[in-house]
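Quick notes on the structure that follows.
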Amino acid sequence: EELISTSSDADDVGDQPDEYYEKLRAHKRYPAKGDITLVETGEEVTFPLNDYSAGGLSFIADQVFEIEQDITANIKYKID
């Protein structure tokens with residue numbers, strides 16, 4: 001499935017300094033450690049966490065998720 005951007009500046013995404021994106025966000029973001037495990041059709045798929053804020057949690061995945069797609073996830077705490 002091909003992703004299509006409606007923005008004419010699609011090639012410039014990510015070219016801005018971090019301060020630019022911080023001004024756009026409603027909540028301050030903090031680095032996250034660990035992994036998140038998604039449960040998809042009975043199988044667990046694990047991805048590394050990226051960061052979090054009062055507005056949510058982000059992770060780095062090798063797949064595309066649909067907008068407003070419901071996902072089931074768990075975070076396993078490991079004590080080292």
Of the non-hydrogen atoms in Thr37 and Glu44, which two are nearest, and what is the gap between them? CG2-CB, 3.5 Å
Give the minimum heavy-atom separation between Ala54 and His27, together with the two atoms involved. CB-ND1, 3.6 Å
Cluster link Ile36 to Val39, ILVMFWY, side chain under 4.5 Å: no
Just by distance, with hydrogens left out, do Asp51 and Ser58 show a side-chain donor and acceptor under 3.5 Å apart? yes
Kindly assign one of parallel, tilted or perpendicular to the pair Phe47 and Phe65, based on the angle between their ring planes and the thresholds 30° and 60°. perpendicular
Around Gln69, counting heavy atoms of other residues, nucleotides and ligands shown, do more than 12 lie under 6.0 Å from its CD? yes
Holding to side chain to side chain contact (heavy atoms under 4.5 Å, CB included), I want the full list of residues that pass it with Tyr30, two or more places apart in sequence or in another chain. Lys28, Tyr52
Partner residues of Ile60 under the side chain to side chain contact (heavy atoms under 4.5 Å, CB included) criterion, sequence neighbours left out: Pro48, Asn50
Measuring from atom CG of Leu38 to atom OG1 of Thr41, what distance do you get when rounded to the nearest 0.5 angstrom? 11.5 Å
Does Glu68 have any side-chain hydrogen bond (donor to acceptor under 3.5 Å, both in side chains) partners at least two apart in sequence or in another chain, and if so, which? none
Step by step, work out the side chain to side chain contact (heavy atoms under 4.5 Å, CB included) result for Leu57 and Leu49. CA-CA 8 Å; Leu57 177 70; Leu49 291 173; 3.8 Å; yes
